[in-house]
2 protein chains.
Amino acid sequence: MLRLSKKADYALLALRHLAVPGPRATASARELAESYDLPPELLAKVLQQLVRGGLLSSQQGIRGGYGLARPAAEITVVDVIEAIDGPMTVTACSESDHSCDQYTKCNIRDPLWKLKDRIVAALSATTVAELAIDLVPAPESIPVSLVRR
Amino acid sequence: MLRLSKKADYALLALRHLAVPGPRATASARELAESYDLPPELLAKVLQQLVRGGLLSSQQGIRGGYGLARPAAEITVVDVIEAIDGPMTVTACSESDHSCDQYTKCNIRDPLWKLKDRIVAALSATTVAELAIDLVPAPESIPVSLVRR
DNA sequence: CTGATGTCCGACCGAACCAGTCCAGTTTAC
DNA sequence: GTAAACTGGACTGGTTCGGTCGGACATCAG
Ligand code: SF4
Ligand code: SF4
């Protein structure tokens, strides 16, 4: 129901950790796993996927680890989600996949795709650099209270 | 990921069908199922959930069927999704559910919740009445670029 | 009033998907 | 050479989701 996967969740967690300025710009999978109490092997696989997606750079060897492949401000959350879970699609169908049985008779495709574009836009508007700002000091005049309609 | 369930998809399809102006304002589950070639029983269950959610009104008996409980313009897609799949949550945690193991150490909750609010806002901006407008005539002056933030 | 009909309703089940695990292999620093 | 770290694949258990079944209820013919 429009919920992002746990893996994507962990990915954002790790990216945020790497984005926050500190003495070291890199960290090993083990360090990250211990910092947040999550299964090391799973986190490792997530990080590998991020490397494959071009968001992280990896360094093998005994002093190895992971680091951001580009500035944190240039990594959006859509990038992360797509690197982990594949292309973002709100519906089961897409421009390149007409496999839905109701495709010909369906008349809500276009509006929903438009909606998808809007969601993607909202997700691309936030970068991991913004995630790294701690305690979000209300950069906007509108706090959390702008909920629903 | 971030994909809506097939049931929610069917729900929107059915609601759109009921929202389009025509001779009858109601339709039976069987009619709808045949119109769109989808499993009748499943569609029936979806409709039941919508009734429970207060979006549809049902009429039993030999001339029974389903009808909109309120004007189409007052039914947003979030209403539909929440009626089908429960409350919208982007993350596994929420204001009322701290069951995530990383809850105390997590530092991306607030930004993600804000993101959720923004998505919900985008989803509440569209009503089923807008879905009923066929063939979306104009690409509208403001395409996808109304990122809003 | 009564039976037949067609509808809604709730419980049930199998399949797909996802979080999590394991292990064998490769690369690099010391 | 050895230890620490990344890489890649295959495997499993649990949960959710799509789909199916029989029963309850309201309407209408007679
Ligand atoms: S029902 Fe329509 S919108 Fe949904 S997956 Fe099928 S074609 Fe796409
Ligand atoms: S990791 Fe953080 S954001 Fe994700 S579910 Fe847990 S507490 Fe929520």
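Letters go in sequence order (proteins before strands), and every chain restarts at 1.
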Working note: A/K7 + A/D85, criterion salt bridge (charged side-chain N to carboxylate O under 4.0 Å, His left out); need CA distance, chi angles, decisive distance, verdict. CA-CA 8 Å; A/K7 287 203 271 187; A/D85 292 325; 5.7 Å; no
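- Across the protein-nucleic acid pair, A/Q102 atom CD and D/dG19 atom C1' stand 13 Å apart, rounded to whole Å.
- In terms of modelled atom types and a separation under 3.5 Å, the side chain of B/Q59 and the main chain of B/Y66 share no donor-acceptor contact.
- Taking atom CD of residue B/Q48 and atom C1' of nucleotide C/dT7, one finds them 11 Å apart after rounding to whole Å.
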How does protein contact run along nucleotides 19-30 of chain C, one letter per nucleotide 5' to 3', with B for base contact, S for sugar-phosphate only, - for none, heavy atoms under 4.0 Å? SBB-----BBS-
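- Residue B/D79 forms a side chain to side chain contact (heavy atoms under 4.5 Å, CB included) with just one option from B/I81, B/T76, B/V77, and that option is B/T76.
- Contact between the side-chain N/O atoms of A/S58 and the OP1/OP2 oxygens of D/dT7 is found at a separation under 4.0 Å.
- For the pair A/L2 CG and D/dT16 P, the computed distance is 17 Å after rounding to whole Å.
- Remark: side-chain polar atoms of A/Q49 are not paired, donor with acceptor, to backbone N or O of A/V46 under 3.5 angstrom.
- The separation between A/I84 atom CD1 and C/dC18 atom P is 13 Å, rounded to whole Å.
- Here B/A44 lies out of heavy-atom contact (under 4.0 Å) with every strand.
- Side-chain atoms of A/T89 do not come within 3.5 Å of backbone N or O of A/A92 as any donor-acceptor pair.
- Between B/R3 atom CZ and D/dC17 atom C1' the separation is 13 Å, expressed in whole Å.
- In this entry the distance linking CG of B/L38 with C1' of D/dG19 reads 12 Å, nearest Å.
- Between B/R52 and B/R30, the one whose closest nucleotide on DNA chain C sits nearer the 5' end is B/R30.
- Rounded to whole Å, the distance from CG on B/L47 to P on C/dT7 is 13 Å.
- Residues A/Y10 and B/W113 fall into different hydrophobic clusters, defined by Ile, Leu, Val, Met, Phe, Trp and Tyr side chains chained together at heavy-atom separations under 4.5 Å.
- The interatomic distance linking A/E31 (CD) with D/dC6 (C1') rounds to 13 Å, in whole Å.
- Within 6.0 Å of CZ in B/R70 there are more than 12 heavy atoms belonging to other residues, nucleotides or ligands.
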